[in-house]
Amino acid sequence: MEQANARTKMAGSMRNMRDHAVILNRRFLDDEQLIRSEQLAVLEEIFNTNVRDREMREISCHFAPVLRRDHPYHLALWGKSGTGKTLTMIYFLNFLAEMCRKEGIALRYVHLDLTTARPCFRALNDLACLLNASKRYRRGISLEELMGRIEASLEAYRGYLVLFIDEVDNVRRDRDTFLAFLVRRLPQQIRAKLILVFASNRLNWSDHLDPRTKSFLKLNELVFKPYDAIDLQRILQIRVRKALRPQAVENGVVEKIAALASREHGDARKAVALLARSAHLAEKAGCSISVDTVDEAARQIEQDKYTTMIRTAPVQLQAALAGIIEGVRTKRADLVGSGEAYDAYRAFCTRASLRPLTGRAFGDLVTELDMYSFLRTRVESKGRYGRTREIVLDIPDGLASTIYNTILLNFDVSQQASD
DNA sequence: TGTCCACAGGAAATACGGGGGT
DNA sequence: ACCCCCGTATTTCCTGTGGACA
């Protein structure tokens, strides 16, 4: 009896889920799950709706000389993240490669993605890997050696070589070494016709460049403006069509997401992420996506941003933040001085059996937390009583506890006594 | 006006860890 | 197995500083 009852319940809820399903094809909500051809298909649709039309035309013009066996300049793409620099360029390069194949022109392209910051060494190493010039090293091999290997592997190649360097300004430290290699040395060492494409989200990117390199670099520049609400609506509509059951998306939802996204950042990736989160929420609740769902999803995304950031941060940074949160709590004020904060941090370290860092190092951790906007600081002089950096937690309401608990999980410490 | 607190934050020194060469 | 190299994390050392107080 019991069992039969359970079965009908399960069947019922499954049928219910099917009929009220919000998501029909989950994969189209997450680019990482799409295989190459599907990605290109999505792009095809996007570009067919005239989004990024102007940029596409300019890029085509820029590369037109290739078809005449001529050598175009290098190209720089400027625009904030999520404005489609990468996608547009990849889509175009794919198209160009195909065109060249038909015309019998040799063309290779390589996409070096520096989305996460890395030093010159790793950037070069990654490039070498992409060119099959070397295996992956962590350390221990000289820059010179890497450069040599890259050159050697291209020795015999005579065709066009497009190096698409995504997010160039993420090369930390000796960016000049890296760029000098690409811009000045490489073209002289190999016979391939090298075309560099840089993407960056800072307009003044090339200002801090070694002037010698800069003068060597003949650039065409192209600016990607952030998507406006209309563009975003088009992009979102495609996703809705491919991934969701259309009836499950209430009126105004797409418009709302597009409006939020265009107001805040104009970032298409984030807009799609918001759509995806809304869809998941609605599906779990067994209802359709409403404007309120979107609000809730936006809140969750905001919150996740903080928790994942702190969870994946180095332990000392976590300890510093935990210490500061405790310090603020015990003081029952929203503001602590750096001295008190340091004491609290040391206390936390003791309980977590973690070796505490010096005050100097702690200061740097605080600066870092400030940059991630977990908190705000301001140096304040208290006259005779010295000077201090006042620390104010800058975390949305009620999130402090969540974050604090997240950190505790990572440490496995006893709760603070006075809580 | 000078003193002096309690730190900030720059520079250089040192420790560390992981990897290649031999 | 041993040594050297390199990039990164911390420490050590240091100079600087706004303003309350005497």
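In what follows, every chain begins at residue 1, and chains take the letters A, B, ... in the order their sequences are listed.
Comparing C/dT10, B/dG10, B/dA8 by their closest approach to the side chain of A/R360 singles out B/dG10. Comparing atom distances between the A/R387 side chain and each of C/dT17, B/dA8, C/dT10 picks out C/dT17 as nearest.
Side-chain atoms of A/E151 never come within 3.5 Å of backbone atoms of A/L186 as a donor-acceptor pair (strictly under, hydrogens ignored).
Residue contacts shown for A/G363 are absent, as no nucleic acid heavy atom lies under 4.0 Å away. Across all strands, A/R378 comes closer than 4.0 Å to no nucleic acid atom at all (heavy-atom distances). Using a 4.0 Å heavy-atom cutoff across all strands shown, A/R389 reaches sugar-phosphate atoms only and no base atom.
By the 4.0 Å N-to-carboxylate-O rule, A/R299 lies close enough to A/E296 to be salt-bridged with it. In this structure, A/K270 does not pair ionically with A/E264, as no charged nitrogen and carboxylate oxygen lie closer than 4.0 Å.
Each of A/G386 and A/G359 was matched to the nucleotide of DNA chain B holding its nearest heavy atom; the match closer to the 5' end belongs to A/G386.
For the pair A/E368 CD and B/dG9 C1', the computed distance is 15 Å after rounding to whole Å. Between A/Q316 atom CD and B/dA15 atom P the separation is 19 Å, expressed in whole Å. Separating the CG atom of A/D364 from the P atom of B/dA11 is a distance of 13 Å, rounded to the nearest angstrom. Across the protein-nucleic acid pair, A/F362 atom CZ and C/dT12 atom P stand 17 Å apart, rounded to whole Å. Distance CE (A/M371) to P (B/dG9): 13 Å, rounded to an integer number of Å. B/dA6 atom C1' lies 12 Å from atom CG of A/D343, rounded to whole Å. Across the protein-nucleic acid pair, A/E380 atom CD and B/dC5 atom P stand 19 Å apart, rounded to whole Å. Put simply, CD on A/E390 is 15 Å from P on B/dA6, counting in whole angstrom units.
Applying the 4.0 Å criterion to OP1 and OP2 of B/dA6, one finds that A/T388 has every side-chain N and O outside that range.
Residues A/F63 and A/V197 meet the side-chain proximity criterion, which asks for heavy atoms closer than 4.5 Å.
Geometrically, A/R52 does not engage A/F92 in a cation-pi contact, judged by NZ or CZ lying under 6.0 Å from the ring centre and within 45° of the ring axis.
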Could you pull out the protein-nucleic contacts involving nucleotides 20-22 of chain C (nitrogen or oxygen on both sides, under 3.5 Å)?
residue, atom, partner, partner atom, Å
C/dA20, O4', A/R384, N, 3.2

Distance-only criterion, 3.5 Å: show the donor-acceptor pairs between side-chain atoms of residues 65-76 of chain A and protein atoms not counting sequence neighbours.
residue, atom, partner, partner atom, Å
A/H71, NE2, A/L194, O, 2.8
A/H74, ND1, A/L196, N, 2.8

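Taking CG of A/L236 as the start and CD of A/E255 as the end, the distance is 9.5 Å to the nearest 0.5 Å.
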